[in-house]
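So the structure is just underneath, and the comments pick up after that.
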Amino acid sequence: MREQEADLAAEEALIPRAEWDAAKLTRTPSYARISAFAQRLGVHQAIVAGRIRYETKDYRKFAQLLGTGEVSRLMAEQK
């Protein structure tokens, strides 16, 4: 129960529910809309893209905004 409360508090702190609902990004997402929304709220695009992916349960969308594969690439560079 505490973990769920913490998740909701973090979610609300990053992207307030009222802002999220008004933006309707899960209906008509696009890179431009994600970028504009993230900039307006002062959060990284990955936060917005990740929320879209989570709420739509489509984890293939907007992978470029999340830095998919970046950790592996950075680890390989360290060798």
| Looking only at atom types and distance, does a side-chain atom of K57 sit under 3.5 Å from a main-chain N or O of Y54, one as donor and one as acceptor? | yes
| message | Would you say CD of E19 has more than 12 non-hydrogen atoms from neighbouring residues, nucleotides or ligands within 6.0 angstrom? | response | yes
| said: If you count heavy atoms of other groups shown closer than 6.0 angstrom to CZ of R40, is the number above 12? | reply: yes
| message | Check whether Y59 forms a cation-pi arrangement with K61 (NZ or CZ under 6.0 Å from the six-membered ring centre, at most 45° off the ring normal). | response | no
| query | Shortest non-hydrogen contact from L14 to L41? | reply | O-CD1, 4.5 Å
| Which atom pair, heavy atoms only, marks the closest approach of H44 to A46? | ND1-N, 2.9 Å
| field | Between CD1 on residue I47 and CG on residue L65, distance to nearest 0.5 Å | value | 11.5 Å
| field | Close side-chain approach of V43 and F37, heavy atoms under 4.5 Å | value | no
| said: I'd like to know if the side chain of R51 reaches the main chain of I15, judged simply by a donor and an acceptor atom lying under 3.5 Å from each other, with no hydrogens or angles considered. | reply: yes
| message | Whether R17 and E55 form a salt bridge (side-chain N of Lys/Arg under 4.0 Å from carboxylate O of Asp/Glu) is what I want to check. | response | yes
| query | Is there side-chain contact between L66 and R53, with heavy atoms separated by less than 4.5 Å? | reply | yes
| Going from CD1 on I52 to CZ on F62, what distance comes out if it is rounded to the nearest 0.5 angstrom? | 5.0 Å
| Side chain of R33, backbone of L25: donor and acceptor closer than 3.5 Å? | no
